[in-house]
Number of protein chains: 2
Amino acid sequence: MATSQGAELALLLLGGFHSMVDDVVAELERRGHPGVRAAHEFALRAIDGGADTASELGRRLDVSKQAAAKTITALEQLGYVGREADPGDARRQLLKVTPRGHELMTVGGALFDDVRERWAAQIGPAALDALQAHLGALVERRAFGAEDLAQP
Amino acid sequence: MATSQGAELALLLLGGFHSMVDDVVAELERRGHPGVRAAHEFALRAIDGGADTASELGRRLDVSKQAAAKTITALEQLGYVGREADPGDARRQLLKVTPRGHELMTVGGALFDDVRERWAAQIGPAALDALQAHLGALVERRAFGAEDLAQP
DNA sequence: TAGTTTGGACAATATGGTTGTCGATAATCA
DNA sequence: TGATTATCGACAACCATATTGTCCAAACTA
């Protein structure tokens, strides 16, 4: 029966994601950001976007707060985020993206855009825009979905 | 700076994949195939497509043979594949998809197609076909990429 | 036949996720 | 106000899925 069209599509979506991410991560390594995972990138964006506590990050990333806390620890050890006590709430540890963290976001974002541009050159900018727009319509954005990933 | 268009696209690709897979896995559970992960589905398809040894499966899935072997063990325990000695090569353990395995492939494929149809209804069949075709052009199919996945 | 590849297994390890529990602080409401 | 409830973050135990490295036996190959 050959692979179903639907399964094929799923594989393409995953393949596309990995293709972009592998590219970006490899280049990031070359540009002074070794040890970065795609998940870090996305978590960092979420933090910068307002998820300033571990619990909130967990909610936005749709993972448990414990998982989020682990990611934060990693990000902290890599020097991308800092934590400080919240003066208004003694339970909270406020997260703040460091300058190096912002640098990573900038570089990472540019690299993602590079890949996207390469893709645009291949199938045409209009087609890619349409692809992205349609995908956006299909996938109700759950704030910031960044799960998965692997390869050390 | 908002999220870069490129990063956005990557997230959408991942989100789309997860959206399809979560749906299919949940429905599969309801239809008598509990414990199945998307990775199993894809591995099974690869095996049925000719990856009849652990090493070969690893190559096609682009993971280590050890990882492939573990997947095979899982698939075997779930009753989806069988192993038998290769009469022509004493090192090999030949893999064979069981009838239940084929049943899973059929049902799983249909479920993926269902999701795809729902998507087609949302953005129009032509748009979805174009999306898939373009994605296919961008992602040089590496035989059968099925990595990632998570949530127990 | 000697040397190299290959298939599969085992062990150790890493990553990234999960529950569950807990103490401390905040928030709510009776 | 004071008691209950909710939330934050941390710790522990665990699980799933990968990874590398090592190893042996079997199969090519020069």
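Within every chain, numbering begins at 1; the chains are lettered A, B, ... in the order of the sequence lines, protein sequences first and strands thereafter.
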**Study point:** All side chain to side chain donor-acceptor pair (under 3.5 Å) counterparts of B:Asp89, not counting sequence neighbours
**Key:** B:Arg91, B:Arg92
Check your understanding: Could you state the CG-P distance from A:Asp22 to D:dA18, rounded to the nearest angstrom?
Key -> 14 Å
Exercise for review: Apply side chain to side chain contact (heavy atoms under 4.5 Å, CB included) to B:Ala127 and list each qualifying residue two or more places apart in sequence or on a separate chain.
Suggested key: A:His134, B:Ile123
Revision key, fill the gap. Once base and sugar-phosphate atoms are separated, protein heavy atoms under 4.0 Å mark nucleotides 6-11 of chain D, 5' to 3', with B, S and - as -BBBBB
Review point. Does A:Ser64 have a side-chain nitrogen or oxygen under 4.0 Å from the phosphate oxygens OP1 or OP2 of C:dG17?
Key: no
Exercise for review: Provide, to the nearest angstrom, the distance between the CG atom belonging to A:Asp62 and the P atom belonging to C:dG17.
Suggested key: 11 Å
Check your understanding: Could you state the NZ-C1' distance from A:Lys70 to D:dC15, rounded to the nearest angstrom?
Key -> 10 Å
Exercise for review: Please collect all ring pair (Phe, Tyr, Trp, His ring centres under 6.0 Å) contacts where either partner lies in residues 55-114 of chain B, sequence neighbours excluded, each pair once.
Suggested key: B:His33-B:Tyr80, B:Phe42-B:Phe112
Exercise for review: Provide the full list of side chain to side chain donor-acceptor pair (under 3.5 Å) pairs with a residue in residues 119-130 of chain B, sequence neighbours left out, each pair given once.
Suggested key: B:Arg116-B:Asp129
Review point. Closest nucleotide of DNA chain C for A:Gly88 versus for A:Thr71: which of these residues is on the 5' side?
Key: A:Thr71
Review point. Tell me: CG of A:Leu75 to P of C:dT15, nearest whole Å?
Key: 14 Å
Review point. Starting at CG of B:Asp86 and ending at P of C:dT6, how long is that distance when rounded to a whole Å?
Key: 17 Å
Review point. Applying ring pair (Phe, Tyr, Trp, His ring centres under 6.0 Å), which residue pairs with at least one partner in residues 48-74 of chain B are found, sequence neighbours left out?
Key: none
Practice item. Grab the CD-P distance between B:Glu84 and C:dG7 for me, whole Å please. Key: 18 Å
Review point. In Å, rounded to the nearest 0.5 Å, how long is the span from CG of A:Asp62 to CG of A:Leu57?
Key: 11.5 Å
